[in-house]
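I have placed the structure first, in the form of structure tokens, so that the comments after it can refer back to it.
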Amino acid sequence: MKLKNLAYCLLILLIIAVSTNKASAQRIIKGEAILGLNLTQVDGDEVYGFKKFGANIGAGVLIPVTKNGKWEVSLEALFSQKGSYQRPQYSDSAASGEYRLNLNYAEVPVLVMFTDKKIISAGAGFAWGRLVGVKEWEHGQLVESTTLTSGTYSKNDFSILADLRVTLWQGLKLNLRYQYSLVK
């Protein structure tokens, strides 16, 4: 419950920060198309390293906070695939040590971004994610008991994130983001 209260407080502070700036009819809200790749791991599953690849697809808006456009708020809606992966460790097919976990989330990240000379942007924020799909395999076999309704994984995820964007060409940017979940 404390994380939910923290998220509400951050959202209220964000709304206050955006609304305290003088209203301007010429403010340009920029749209973003997001297509990327996640490298993820799950803490506590004894599979170490960022070895699980997944898609990161969605759309967002950048809302300027200052007149010079250096400070912006980014609001996104994403489909994000996360999880963990371990290759087979042993030749025994019944106990190979192979492990794979696929977690699919609908996420809403909110970031405060600073842009320097329209070349590089850095930001920080938080995200709320809703678990929309889960599948788990052990030793190459699907674990039937791991489902959305089994209670194994929390349906809601709250995380903090840091973001770095570098302009490659006109509106095309390379984005690196680190995200860490605050819940188990």
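As the structure is a prediction and not an experimental result, all values here were calculated from the model.
Side-chain contact check for N68 and T66: at least one donor-acceptor pair (N or O, by modelled atom type) lies under 3.5 Å. The closest side-chain donor-acceptor pair between S84 and Q86, if any, does not fall under 3.5 angstrom. Side-chain polar atoms of N102 and K82 form no donor-acceptor pair below 3.5 angstrom. Between the side chains of N156 and W128, at least one donor N or O sits under 3.5 Å from an acceptor N or O. A donor-acceptor pair shorter than 3.5 Å cannot be found between the side chains of Q41 and Y85. S80 and N38 share a donor-acceptor pair across their side chains, judged by distance under 3.5 Å alone.
S121 places no side-chain N or O within 3.5 Å of a backbone atom of T115 that could act as its donor or acceptor partner. Counting only distance, with no hydrogens or angles, the side chain of S96 and the backbone of E98 share a donor-acceptor pair below 3.5 Å.
The nearest pair of heavy atoms linking G58 to L78 is CA-CD2, 3.9 Å. Heavy-atom minimum distance, P109 versus A127: CA-CB, 3.7 Å. In this structure, S145 and S150 approach most closely via the heavy-atom pair O-CB, 3.2 Å. M113 and S74 make their closest contact through CG-CB, 4.1 Å (heavy atoms, listed as atom of the first residue, atom of the second, distance). Here the closest heavy-atom approach between residue E136 and residue L142 is recorded as O-CD1, 3.5 Å. For the residue pair L39 and F50, the shortest heavy atom distance occurs at O-CD2, 3.4 Å.
Within a 6.0 Å sphere centred on CG of L37, heavy atoms belonging to other residues, nucleotides or ligands number more than 12.
Rounded to the nearest 0.5 Å, atoms CD (Q179) and OH (Y105) are 9.5 Å apart. Note that the OG1 atom of T40 and the CG atom of L103 stand 8.0 Å from one another [nearest 0.5 Å]. Distance CD/E107 to CG/D157: 7.0 Å, rounded to 0.5 Å. Rounding to the nearest 0.5 angstrom, the gap separating the NZ atom in K173 from the CD1 atom in I120 is 10.5 Å. If you take CG on D163 and CD on E76, they are separated by 7.0 Å, rounding to the nearest 0.5 Å. The distance from the CD atom of E72 to the CG atom of L111 is 11.5 Å, given to the nearest 0.5 Å.
At least one cation-pi condition fails for K70 and F114: the charged atom is not both under 6.0 angstrom from the six-membered ring centre and inside a 45 degree cone around its axis.
A salt bridge links R165 with E32: at least one charged nitrogen is closer than 4.0 Å to a carboxylate oxygen.
Proximity of I160 to L182: side-chain heavy atoms (C-beta onward) are separated by under 4.5 Å at one or more points. Counting only heavy atoms from C-beta outward, the side chains of R177 and N175 approach each other to under 4.5 Å. Using a 4.5 Å heavy-atom cutoff, the side chains of V134 and L101 are in contact. Side-chain atoms of L131 and L148, non-hydrogen and from C-beta on, do get closer than 4.5 Å to each other. Looking at Y180 and L161, their side chains never come closer than 4.5 Å, going by heavy atoms from C-beta outward. No side-chain heavy atom of L164 sits under 4.5 Å from any side-chain heavy atom of Y178.
Follow the hydrophobic side-chain contacts under 4.5 Å out from I34 and you never reach L62; the two are in separate clusters. Under the 4.5 Å side-chain heavy-atom criterion for ILVMFWY residues, no single connected hydrophobic cluster contains both V108 and I57. Note on V143 and Y99: separate hydrophobic clusters, where clusters join Ile, Leu, Val, Met, Phe, Trp and Tyr whose side-chain heavy atoms are under 4.5 Å apart, directly or indirectly. Cluster annotation: V61 is connected to F126 through the hydrophobic network of ILVMFWY side chains, with a link wherever side-chain heavy atoms come within less than 4.5 Å.
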